[in-house]
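When a ligand or atom number is given, it counts from 1 through the structure's own listing order.
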Amino acid sequence: MLRITVNGRTHETEADPAMPLLYFLRGELELNGAKYGCGVGQCGSCAVLVEGRRVFSCLLPIAAIAGRNVTTLEGLGTAEAPGRVQAAFLEEQAAQCGYCIPGMIVAVEALLRADPAPGETAIREALEPHLCRCGTHERILRAARRAAGRPERTAALEETP
Ligand code: FES
Ligand code: FES
C-alpha cells in the first residue's frame with residue numbers, strides 16, 4: 001500500500017509501485033493535465049511538481065513519490081480562477097494545439113518558486129527541455145515573461161532590429 005498526495009489530497013493505492021506517476025495521475029486519479037508525449041523524458045509534456053520542483057512524471061515510479069507532495073496542472077488553478085502562470089498564458093494566448101502547454105506552465109511555475117524574479121536566460125533555460133511541435137515558442141516566452149512580471153522585456157526584444 002502506497003500513500004500518495006496529489007494537489008493536497010492523499011490517496012492510498014495498491015497499484016504496482018513501478019507504475020509511472022503519469023499513468024497513475026491519468027489512469028487512477030483522472031487528472032489529465034499532464035500529457036503523454038514521448039514516455040522517455042524527452043519532451044516535457046508530462047511535467048508535474050514534486051515538492052515544488054519540476055519532474056517528468058513519465059520517468060518516475062509511484063514508489064519514488066510516496067510521502068511527497070505532487071502538484072499537477074489542476075492544482076495550480078481552475079478555469080474560473082487560474083493561477084498566476086495560467087493567467088499569463090491565457091493573457092498571451094500562448095497555445096495552438098495546447099498539448100505541450102501543461103508542461104510549459106509547470107516549468108514556469110517551478111522556476112518562479114525557485115527564483116521569483118528570473119532573467120531572460122533563466123526563463124529560456126527552464127523552458128529548454130520542453131518541446132512544442134506547433135512552434136508556439138515566442139508566445140510561450142511572452143507568457144513566461146509576463147508571469148515573471150517582465151512583460152516589458154518582450155516589447156524591448158521585439159523592438160530590437
Ligand atoms: S512524456 Fe514525459 S518527457 Fe515526454
Ligand atoms: S501548442 Fe501544440 S505542441 Fe505546443
Worksheet item: Taking only heavy atoms of T136, which atoms of ligand 2 are found under 4.0 Å from at least one of them?
Response: 1 (S)
Practice prompt. Look at C38 and state whether any of its N, O or S atoms is less than 2.8 Å from atom 2 (Fe) of ligand 1.
Written response: no
Worksheet item: At a 4.0 Å threshold, what atoms of ligand 2 neighbour a non-hydrogen atom of Q96?
Response: 1 (S)
Worksheet item: Taking a hydrophobic cluster as the set of Ile, Leu, Val, Met, Phe, Trp and Tyr residues connected by side-chain heavy atoms closer than 4.5 Å, whether directly or through intermediates, do V48 and L111 fall within one such cluster?
Response: no
Worksheet item: Does a side-chain heavy-atom distance below 4.5 Å link L31 with L73?
Response: no
Practice prompt. Just go through R139, R133, H137 and tell me whose heavy atom is the nearest to atom 3 (S) of ligand 2.
Written response: R133
Worksheet, complete the sentence: So the atoms of ligand 1 within less than 4.0 Å of a heavy atom of G41 turn out to be 3 (S)
Discussion item. Let's go through R124 and E128 carefully: what are the C-alpha distance in whole Å and the side-chain angles of both, what is the deciding distance for salt bridge (Lys or Arg N to Asp or Glu O under 4.0 Å) to 0.1 Å, and is it a yes or a no?
Written reply: CA-CA 6 Å; R124 286 173 181 261; E128 196 274 334; over 6 Å; no
Worksheet item: Cluster question for you: counting only ILVMFWY and a side-chain heavy-atom cut-off of under 4.5 Å, with indirect links fine, are V6 and L2 together?
Response: yes
Practice prompt. Mark up the atoms of ligand 1 that fall under 4.0 Å of a heavy atom belonging to G37, in ascending order.
Written response: 1 (S)
Worksheet item: Is there a side-chain contact between R54 and P129 (heavy atoms, below 4.5 Å)?
Response: yes
Worksheet entry | Per-atom contacts, ligand 1 versus C43 - under 4.0 Å to a heavy atom | 1 (S), 3 (S), 4 (Fe)
Discussion item. As a quick check of understanding, evaluate salt bridge (Lys or Arg N to Asp or Glu O under 4.0 Å) for E109 and R84, giving each step before the final call.
Written reply: CA-CA 8 Å; E109 181 70 30; R84 58 181 172 174; 3.2 Å; yes
Worksheet item: Are V70 and M19 connected in a single hydrophobic cluster, I mean Ile/Leu/Val/Met/Phe/Trp/Tyr linked by side-chain heavy atoms less than 4.5 Å apart?
Response: yes
Worksheet item: In terms of atom number and element, which parts of ligand 1 are under 4.0 angstrom from non-hydrogen atoms of F56?
Response: 3 (S)
Worksheet item: Should the ring pair F24 and H11 be called parallel, tilted or perpendicular, given that the plane angle runs from 0 to 90° and is split at 30 and 60?
Response: perpendicular
Worksheet entry | Where ligand 1 meets Q42 - atom numbers and elements under 4.0 angstrom, heavy-atom basis | 3 (S)
Item to complete: With heavy atoms of G39 as the reference, note each atom of ligand 1 found under 4.0 Å away.
Response: 1 (S), 4 (Fe)
Response to the item:
Taking atom 2 (Fe) of ligand 2 as the apex, SG on C97 and SG on C134 give an angle, to 10°, of 100°
Worksheet item: Is L131 reachable from V106 through a run of I, L, V, M, F, W or Y residues, each pair having side-chain heavy atoms under 4.5 Å apart?
Response: no
Worksheet item: Which atoms of ligand 1 are found less than 4.0 Å from any heavy atom of C58?
Response: 1 (S), 2 (Fe), 3 (S)
Discussion item. Please say yes or no: joined through hydrophobic side-chain contacts below 4.5 Å, possibly via intermediate residues, are L76 and I65 part of one cluster?
Written reply: no
Worksheet item: Quick one: angle C100 SG - atom 4 (Fe) of ligand 2 - C132 SG, to the nearest 10°?
Response: 100°
Practice prompt. Assess C46: does it contribute an N, O or S atom lying under 2.8 Å from atom 2 (Fe) of ligand 1?
Written response: yes
Discussion item. Distance under 4.0 Å to a non-hydrogen atom of G98: what atoms of ligand 2 satisfy this?
Written reply: 1 (S), 2 (Fe)
